[in-house]
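Here the structure comes first, spelled out in structure tokens, and everything after it is commentary.
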Amino acid sequence: MRRGILLWNSLLSTMSRPLLHSRAQSLSLGCPSSVSRKRLHTVAAAAPVAGERRAKANVDWDSLGFGLKDVAETMYVSEWTPDKGWDQGKLVPYGPITIMPSAQVLNYGQGIFEGMKAQESAKGRVVVFRPDQNAARFKAGAARMSMPAVPEEQFVEAVKSTVAANLDYVPPIGKGSLYLRPLLLGTGPILGLGPAPSYTFTIFAAAVGAYFKGGQLTPIDLIVEERFHRAAPGGMGGTKAAGNYSPVLVTQLEAKKNGFSDVVYLDAKTDTYLEEVSSCNIFVVKGRTIKTPPLQGTILPGVTRRSIVELARSRGYDVREEPVTVHEAMEADEVFTTGTAVVVSSVGSMVYRGQRRQYTEPGQAGKVALEMYSNLTDIQTERADDNFGWVVPIN
Ligand SMILES: *Cc1c(COP(=O)(O)O)cnc(C)c1O
């Protein structure tokens, strides 16, 4: 597999690459952020930068948003067939994948995704964060959706080669990251309900901005949702399945119209316990105790969630994965959410049944959120020692 990729790489670097940047799309999936929607003032020309990789991409590092404006030129594609299993995978120019209208994923939704980031680190190299965790989640998701799992080793290698092929799209440290979007799709045609006869594993990438440019987390305002649920016991809420994400739009869009960043979902059985936000996990803080809802199948097992649990424990917090009632959350000192894109988002306020709980001073992030954000981002960008072994270098 490696030789094939290397061959393609050298081929690519000798070709003059066509510009395949697509138009800016609406905000991609990611935790809510008040900053991301307010584009900062565009700086006309990028300052001269060191290193070959930055000179290549025609990207204005200072005006990166969270979208597809600066989609990377090279993507990874691997195909699965029943007789051959997964092929070696190859790197190809970013572009359409051709599938039939009868593709399983278009009819019955056999599709899962991942979200990861590659960043330039303080050591001057490009690193990814805990790719083994995404590989394991991708495998578990494939099982839940009756798809052939991508071997974890192939997943990690595919991530690494996608980043390596797009190094010139990795923003300078502090300016953002190369967001990676692995997909596993039932692309083969089928009419009756059943699993697809063939599958595609692909990874595309895009340069995206830092959510919090000044390093200051702008708090978000949330509302507790009581009419709709994100997931039900025994369902697929714990899977990053494509089908989980369009149903949250109806509540998310309404919340946004009313000035909120997103909604908090409650458990489908009792409407009592916090679950999570549309695409991030949630934590509540009281004194030195940090609680986050346990993983019981309805909550997405976030890599950031796991990392914050481990990090906070190592910093002496009493961290509990326990059910959290909405009343407890309303009385907490602090609430924050976690996800790959934002890392940590401080919750400024939460509204439940018309009652508003203000956690922080306007515009000010919560103390614990700030501590977790800086500690985790310091590890992710190698500003601090990585005692956990989470960071994986690409180059
Ligand atoms: C992706 C996702 C998260 C966050 O997971 P990370 O691995 O931390 O990015 C949380 N909740 C939902 C519903 C998600 O899809």
Side-chain angles (χ1 to χ4, degrees), residues 27-33 36 66 109 111-119 128-141 144-145 155-156 159 177-184 203 205 208 211 220 222 225 228-232 235-249 251-252 255 261-268 274-283 292-312 321 324 335-345 347 369 372-373 376-377 379-380 388 390-392:
L27 269 184
S28 311
L29 183 115
C31 285
S33 154
S36 62
F66 196 85
I112 57 171
F113 69 96
E114 275 300 326
M116 307 168 69
K117 286 200 295 202
Q119 297 182 83
V128 291
F129 186 69
R130 308 188 79 176
D132 57 314
Q133 297 285 312
N134 298 88
R137 188 166 70 188
F138 208 53
K139 187 179 166 189
R144 180 66 183 86
M145 305 296 281
F155 179 93
V156 173
V159 164
S177 57
L178 181 69
Y179 186 82
L180 299 158
R181 174 51 60 83
L183 294 171
L184 174 56
I203 306 178
V208 300
Y211 268 95
I220 56 170
L222 299 177
E225 169 61 43
F228 291 95
H229 296 104
R230 199 194 79 89
M236 61 172 189
T239 305
K240 252 177 142 61
N244 281 337
Y245 297 86
S246 290
V248 305
L249 295 176
T251 50
Q252 194 185 62
S261 302
D262 210 329
V263 306
V264 180
Y265 287 100
L266 298 179
D267 76 287
L274 302 191
E275 293 244 305
E276 60 178 319
V277 182
S278 311
S279 59
C280 2
N281 297 113
I282 195 159
F283 288 75
T292 192
L295 303 176
Q296 291 170 333
T298 55
I299 292 168
L300 202 286
V303 178
T304 321
R305 175 191 177 281
R306 168 101 271 129
S307 307
I308 290 293
V309 165
E310 293 168 26
L311 190 63
E321 296 181 63
V324 181
V335 175
F336 61 87
T337 66
T338 64
T340 294
V342 289
V343 187
V344 173
S345 226
V347 175
M372 291 302 137
Y373 176 80
L376 190 53
T377 51
I379 294 173
Q380 288 177 329
F388 299 93
W390 287 340
V391 171
V392 175

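In listed order, ligands and their atoms are each counted from 1.
- The distance from atom OG1 of Thr292 to atom CZ of Phe336, rounded to the nearest 0.5 Å, is 8.0 Å.
- Between Ser278 and Tyr265 the shortest side-chain heavy-atom distance falls below 4.5 Å.
- A side chain to side chain contact (heavy atoms under 4.5 Å, CB included) with Thr337 is found for one member of Asn281, Val344, Leu222, Val343 and no other, namely Leu222.
- With rounding to the nearest 0.5 angstrom, the CD1 atom of Ile203 is 5.5 Å from the CZ atom of Phe155.
- Taking any N or O of Asn281, backbone or side chain, none lies under 3.5 Å from an N or O belonging to ligand 1.
- Not one N or O of Thr338 is nearer than 3.5 Å to an N or O of ligand 1, by distance alone.
- Close approach of ligand 1 to Thr340 (heavy-atom distance below 4.0 Å) involves ligand atoms 6 (P), 7 (O), 8 (O), 9 (O).
- Judged purely by atom type and a 3.5 angstrom limit, Arg305 has no side-chain atom pairing as donor or acceptor with the backbone of Gly339.
- Annotation: Lys240 places an N or O atom under 3.5 Å from an N or O atom of ligand 1; distance criterion only.
- Counting the atoms of ligand 1 from 1 in the order shown, those under 4.0 Å from a heavy atom of Glu276 are 10 (C), 11 (N), 12 (C), 13 (C).
- Per-residue contacts place Ser278 under 4.0 angstrom from the following atoms of ligand 1 (heavy atoms of the residue considered): 13 (C).
- Residue Arg230 has no nitrogen or oxygen atom sitting less than 3.5 Å from a nitrogen or oxygen atom of ligand 1, judged on distance alone.
- With Cys280, Gly339, Gly302 as candidates, the residue nearest to atom 5 (O) of ligand 1 on a non-hydrogen basis is Gly302.
- Contact between Leu274 and Pro293 at its shortest, heavy atoms only, is O-CG, 3.4 Å.
- Taken from CD in Glu276 to CZ in Phe283, the straight-line distance is 11.0 Å, to the nearest 0.5 Å.
- Side chains of Thr298 and Glu275: a donor-acceptor N/O pair is present below 3.5 angstrom, by distance only.
- With atom 4 (C) of ligand 1 as the reference point, the heavy atom nearest to it among Ser279, Gly237, Ser307 is part of Ser279.
- Backbone and side-chain nitrogen or oxygen atoms of Thr304 are examined, and one is located within less than 3.5 angstrom of a nitrogen or oxygen of ligand 1.
- Residue contacts with ligand 1 for Arg137 involve side-chain atoms from C-beta outward but no N, CA, C or O (heavy atoms, distance under 4.0 Å).
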